[in-house]
Amino acid sequence: MAGLNKSEFANPVINWIDTRLPIFTMMQKEYGVFPTPKNFNYFWNFGALAMVNLMIMIITGIFLAMNYQPNTQLAFDSVQHIMRDVNYGWLIRYVHQNGASMFFIVTYIHIFRGLYYGSYKTPRELLWMLGVVILILMMATAFMGYVLPWGQMSYWGATVITNLFSAFPIVGPKIVTLLWGGFSVDNPTLNRFFALHYLLPFVLVGVIFLHVAALHITGSNNPLGIDVKTPQDTLPFHPYYTVKDSVGICVYLIVFSALVFFAPNYLGDPNNFIPANPLVTPADIVPEWYFLPFYAILRSVPNKLLGVCMMFGSLLVMFVLPWLDTSRVRSARFRPIYKWFILLWVVAVVVLGVCGAHKPEGIWVILSRVSTLYYFLHFLVIMPVVGKLERPLPLPESISKPVLGGRGGGPMPAGAAAKPMEKA
Amino acid sequence: MADSSAAAHHAAPDGVTKRDLLQLIAGAGAAIGAGAIAWPLIDSMNPSKDVLALSSVDVDLAPVVEGQGITIVWQGKPIFVRHRTATEIKEAQDVKLSQLIDPTLGLDKERVKPGHDQWIILIGICTHLGCVPLGNKPSDPRGEWGGWFCPCHGSQYDTSGRVRHGPAPLNLALPPYAFESDTKIKVG
Ligand code: HEM
Ligand code: FES
């Protein structure tokens, strides 16, 4: 396979590099002319947004790490030092803190897109499973990051989450001791959490590379869920989707900035302004909002081991989705029955989130049990059964057909789209 | 491609299109945005407020006997405070500018505060590559000129902190300081 690359770049410097290391040819192929379905809606922005978000987290994280001290005696104060003394430290920390929330908002929408438009189905199973790995790594990273400021919520969150593993018989307590590096959450725990919190985002970069590599083999799904058939069904990624993604990034940054500059502590917990105290648990202990649905699943089961298993199961079930869904139609747009079930699943997750934020009493117990039941019923029963029974709506012949309003596949999609703009 | 023919349609006679302008504006906007994002990150690496707050230290000179020097820390840097003997002062004052490697602030009277000839206060960092020269303690090697001797590459300074033997190119720097009383100075 050895041999120089025949570069087509005119610039002599680029050409010289590209001949020896064809990164420019690769970028041109994967992000320049890459044929992309021409009917994406804005849901298809969220992968790119997640990528931008990850970069923001890594960059702000590195600058935070320059001033943070991973030691139980110093951690809390070093974070206050970042907020008060370091130039723009408040900005860097608020961006990192709210960036985690933005990351989950973006990723949850990204996952919903996949669920609704059937992006997990063949041939994108592996792409989807890599996505689930990404989600789990993200959660681990976010959890360990939240421990670092060493406030009350950090400490007690760390205690509760690590104790989840104690539910497993025999090995449970040994695992917990191993995680702690001692007999309670303490300095060794904080040290290793910092090391891992720094490491995992770079592991994420690696897995996301595979995720995108797999995407570029299968090609993107689209809102119709049908395969690309002819070049008329696609547009080159640049400039069409680079521009569409840029629009999305602008809106995303506006929302992000609003959060950072006008409500930086809105999503946080006031208890984390109190330094960690291993002898006093705060009265209202709740996880960050993005873990609430899983927290509610955990609490909805009155048995320790079963609760823990259900909580982990709610994530792991995602891995087998491609095989639980028996329908051959991807997009829920053409699945008149399933469409309502998947939307109901979204409602169940939101209800679980609300339940997770309330004390497990009265109505909240009932609601969280019903929603947990539906969460699993949806994947394990409804998906396989409805896929078999449902009669899907007729699929369009091609992606071009409905785009051109039934006027037949025209050869000039861009020209057609440009017309109204010229008038304006 | 479809878009290039559309662009050609709008082209002005000189070949400049509307798209060129849009591209320039978008590029400029992105560059300004990137700069605005980069600045807070870069500035966060500058000294923080608590570091800047450590900008001055008070030194009590009373315990420093003649012939001896002490080293204090100001902004993380060693500051030499030396109580010179009468001979050392005389040696320092008798040097002519033409004898010096670095004649800037070369006269001894430019290097001490008036009326306090016995006190020489210097930033104790060799102007070659940043080592701390020896010579504060009478038992240290002080070099041929009786001031300081840098162990790293052998630079020598006289009793006024002027470089007399390379490789260091410059005299030891003077920190900003003032006498608060005859036995007290404030550095910074
Ligand atoms: C850190 C997080 C993630 C990043 C940076 C990321 C990045 C991307 C990018 C850039 C794309 C292509 C653009 C797009 O279609 O929106 C993509 C597609 C995809 N992602 Fe992710 N992703 C992340 C997390 C996830 C997760 C957690 C899942 C699922 C559990 C997932 C499932 C998918 C699927 C199935 C596709 C193909 C979508 C299609 O073509 O319809 N991703 N991802
Ligand atoms: S650092 Fe002093 S002589 Fe080189």
Side-chain angles (χ1 to χ4, degrees), chain A residues 32-33 38 52 55-56 58-68 77-78 80-96 99 231-232 234-236 238-240 242-243 245-247 249-250 253-254 256-257 260-261 410-419 421-422, chain B residues 1-58 72-77 130 175-176 186-188:
Chain A
V33 297
K38 69 181 175 191
V52 170
M55 271 159 54
I56 292 176
I58 290 182
I59 293 171
T60 51
I62 288 172
F63 282 89
L64 285 178
M66 291 181 193
N67 292 293
Y68 171 76
D77 290 347
S78 73
Q80 294 312 308
H81 163 71
I82 291 170
M83 293 301 288
R84 289 152 194 263
D85 297 337
V86 175
N87 304 322
Y88 295 104
W90 58 273
L91 179 59
I92 299 172
R93 172 154 185 255
Y94 277 152
V95 168
H96 196 76
Q232 261 89 61
T234 67
L235 290 171
H238 180 76
Y240 294 96
T242 41
V243 165
D245 280 344
S246 305
V247 174
I249 288 170
C250 291
L253 288 176
I254 290 170
F256 199 158
S257 309
V260 166
F261 292 107
M412 272 192 38
K419 281 257 167 58
M421 252 170 46
E422 283 170 23
Chain B
M1 291 246 335
D3 60 293
S4 55
S5 68
H9 225 71
H10 294 285
D14 55 357
V16 178
T17 65
K18 219 194 259 177
R19 176 158 297 177
D20 291 335
L21 179 69
L22 288 174
Q23 250 161 11
L24 278 175
I25 294 173
I32 293 170
I37 290 168
W39 175 243
L41 295 171
I42 295 168
D43 193 35
S44 80
M45 294 174 77
N46 274 321
S48 59
K49 306 236 172 11
D50 57 322
V51 173
L52 293 176
L54 299 174
S55 55
S56 68
V57 281
D58 293 314
I72 56 135
V73 182
W74 172 67
Q75 293 191 336
K77 290 181 285 222
K186 188 183 216 64
V187 182

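Order of the sequence lines fixes the chain letters, A, B, ..., with proteins taken first and strands second; residue numbering starts at 1 for each chain. The shown structure was predicted, so the numbers you read here are calculated from the model rather than taken from an experiment.
- The structure places CG of A/Asn87 at 8.0 Å from CH2 of B/Trp39, a figure rounded to the nearest 0.5 Å.
- A/His81 has its side chain within reach of B/Ser48: a pair of non-hydrogen atoms, C-beta onward, lies under 4.5 Å apart.
- Heavy atoms of other residues, nucleotides or ligands lying less than 6.0 angstrom from CE of B/Met45 number 12 at most.
- Put simply, the side chain of A/Arg84 does not reach to within 4.5 Å of the side chain of B/Lys49, judged on heavy atoms.
- Expressed to the nearest 0.5 Å, how far CD1 of B/Ile37 lies from CD1 of A/Ile59 amounts to 8.5 Å.
- Of the inter-residue distances, the one linking A/Thr60 atom OG1 with B/Leu41 atom CG reads 8.0 Å to the nearest 0.5 angstrom.
- Atoms OG and CD1, from B/Ser44 and A/Ile92 in turn, are 3.5 Å apart once rounded to the nearest 0.5 Å.
- Expressed to the nearest 0.5 Å, how far CG of B/Asp43 lies from CZ of A/Phe63 amounts to 11.0 Å.
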